[in-house]
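Below you'll find the structure, written out as structure tokens, and then a few comments.
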2 protein chains.
Amino acid sequence: MVIATAQHFGQAALAATTLDELNNLLHAITHEMGFQYFALSHHVDVPRAPQPALRLHNYPRDWEAYYDAERFGPSDPVHRASHLTSVGFCWSMLPRLLALTNRDEDFLARSRRIGLIDGITIPAHVPGEAAGSCSFATSWGKTPRPEWMPLVQFVGTTAFESARRLVGMRRAQADRPRLSDRQRDCLYWAAQGKSDWAIAKILGISHETAIQHLKEARGRYGVGNRTQLAIHALYDGALSFTDALRR
Amino acid sequence: MVIATAQHFGQAALAATTLDELNNLLHAITHEMGFQYFALSHHVDVPRAPQPALRLHNYPRDWEAYYDAERFGPSDPVHRASHLTSVGFCWSMLPRLLALTNRDEDFLARSRRIGLIDGITIPAHVPGEAAGSCSFATSWGKTPRPEWMPLVQFVGTTAFESARRLVGMRRAQADRPRLSDRQRDCLYWAAQGKSDWAIAKILGISHETAIQHLKEARGRYGVGNRTQLAIHALYDGALSFTDALRR
DNA sequence: TTGAAACTCCCCAGCTCTGGGGAATAGCGA
DNA sequence: TCGCTATTCCCCAGAGCTGGGGAGTTTCAA
């Protein structure tokens, strides 16, 4: 019974006390759902990450070495696609989700060659933390069963949450920079490509004041230019894409 | 059969062409899952939001007026809790998820008084977009059935994704510019705050070449500065936050 | 009342970015 | 072979951004 499987996994995963335990649970459920491989990770350059990052998987060993050597952690097309949606997706739908570069194609071809034929990736995002996902992959001949999607979605999300708790990912709301209203106003327009001068006109303040607000905003985020300022604000939700893309 | 219900909803939701259609689907599934109310929304001050924000619900009308008057959109404790996790949670567990202020307690008490006794909220985050969630609530006497959690999780996530697509949160694939590998390399570093000169050093090319690649990249996206270039590339997945935030 | 924070305004030097040109090489497919 | 794209390199002028100063008001909470 599918729903019982899900429930059982959910309870076990959230009760797990070590990553090893979770790893074993993932092994079992992966096969139970008809997959051969799983990979649960943060989308960072794991060996070089400054913060502890998640990575649990049973992909072939060669693959991990290749992956790290090429630093795919942050630019893996599957991961990039998972940043665009809140639901799980089949790898076969990648070309419809984003424009693949030559490198992406090479990467995917290579993955297939070592046995990762098709898979499903479940995104897992928590504002202010590194993006992550939980993938399940099939090898030769097998294809993911679409009717199991609800189960896969639940398992992936639950597994990720369990892992997050186990490595103590939760970041304090406190250490997130807070912008003042005026700083956000200026950033809002800056993110739309307006110059300091234009922002000043729009807000009805002097050129120097607009400069001052953005200077202060950069300081709060500890960055040295507008581009990084906008990116950080987007990431922590101070700014949204719908704010930034209306030109 | 639970899994069939989920599957059917998933297909219908992702095939829906209007918010009305989705609204009807949510009505139906809400009752099918044993709830009375649903609310799918972006966590913003909806009536004052500069950009279109999602909000579909069948909560009592009084509630919406109260909610907007008090500007709970961004500070609703249920929403705040949903920013701390990637899985759904029961409202009854709120006190274990965050420290509730007096205002929070008042808000929850008032919600209960008008018939929102208990509920489950499924977070839905996409990096760079306003945070959101999909909640299902019960009225008098009924309590959420924990064994339906996997189903609720799936339905909530899928409904949110469907709504996101319907309000055009995501741009069509067709008009998405494609960057060359080298352009993306330059942008990758530019998004990390590197100057043209630094990018050139890193990639081992001349200063002028780096400038040229970024010039061309701006042209492809039809934007006039680095900030907008980075934002557009982040939005369409050519660049990921983990690329950009690794300083 | 004291202080902190927000908001406002000003100056300047120097670095960085942008848009306008031009041009050569290599590869790939029609 | 021709044309297209990607990649590399170069010059320049002007606009824009950044970091370093300083300084006034208001508001709100301790």
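Here is how names work: the chains are called A, B, and so on, in the same order as the sequence lines, proteins then strands, and each is numbered from 1.
One can place CG of D185(A) at 8 Å from P of dC7(C), the figure rounded to the nearest angstrom. Rounded to an integer number of Å, the gap from CH2 of W189(B) to P of dT16(C) is 18 Å. Atom-to-atom, CZ of R184(B) to P of dT7(D) comes out at 12 Å; the value is rounded to the nearest Å. Between the CG atom of L203(A) and the P atom of dT8(C) there is a distance of 8 Å, rounded to whole Å. Spacing between atom CD1 of I211(A) and atom C1' of dC7(C) amounts to 15 Å, rounded to whole angstrom units. Note: CD1 (I199(A)) to P (dG16(D)) measures 11 Å, nearest angstrom. The distance between atom NZ of K194(A) and atom P of dC17(D), rounded to the nearest whole Å, is 12 Å. For the pair E208(A) CD and dC12(C) C1', the computed distance is 9 Å after rounding to whole Å.
Distances shown here put a side-chain N or O of R218(A) below 4.0 Å from the OP1 or OP2 atom of dG19(D). Residue T209(A) has no polar side-chain atom (N or O) positioned under 4.0 Å from OP1 or OP2 of dC10(C).
Here the OG1-CD distance, from T157(B) to Q153(A), works out to 5.0 Å after rounding to the nearest 0.5 Å.
Closest contact between the side chain of S206(A) and the listed nucleotides dT18(D), dC11(D), dC10(C) involves dC10(C). When each of dC17(D), dC7(C), dC9(C) is scored by its nearest atom to the side-chain atoms of Q212(A), the top-ranked nucleotide is dC9(C). For R226(B), whose side chain is taken as the heavy atoms from C-beta onward, the closest listed nucleotide among dT18(C), dC7(C), dT18(D) is dT18(C). Comparing dG20(D), dC17(C), dT8(D) by their closest approach to the side chain of R182(B) singles out dT8(D).
Checking side-chain atoms of R220(B) against main-chain N and O of R178(B) turns up a donor-acceptor pair under 3.5 Å. Proximity of a side-chain donor or acceptor of S111(A) to a complementary backbone N or O of F107(A) within less than 3.5 Å is detected.
Aromatic ring pairs are classed by plane angle as parallel below 30°, tilted from 30° to 60° and perpendicular above 60°; the pair Y59(B) and Y37(B) is perpendicular.
L214(A) comes within 4.0 angstrom of nothing in the nucleic acid, heavy atoms only. Within 4.0 Å of R220(A), counting heavy atoms only, lie sugar-phosphate atoms of the nucleic acid but no base atom. Contacts of S195(B) with the nucleic acid, taken as non-hydrogen atoms under 4.0 Å apart, involve only primed sugar atoms and P, OP1 or OP2. As judged by a 4.0 angstrom heavy-atom cut-off over every strand, H207(A) is placed among residues making no nucleic acid contact.
Mapped onto DNA chain D by nearest heavy atom, W197(A) and H213(B) fall at different nucleotides, with H213(B) at the one closer to the 5' end. The nearest heavy atom of DNA chain C to I205(A) and to N225(B) marks one nucleotide each, and the one closer to the 5' end goes with I205(A).
Between K201(B) and D196(B), no side-chain nitrogen of the basic residue sits less than 4.0 Å from a carboxylate oxygen of the acidic one, so the salt-bridge criterion is not met.
Residues R182(A) and L203(A) have side chains in contact (heavy-atom distance under 4.5 Å, counting atoms from C-beta outward).
Side-chain atoms of K215(B) and base atoms of dG20(C) include a donor and an acceptor less than 3.5 Å apart.
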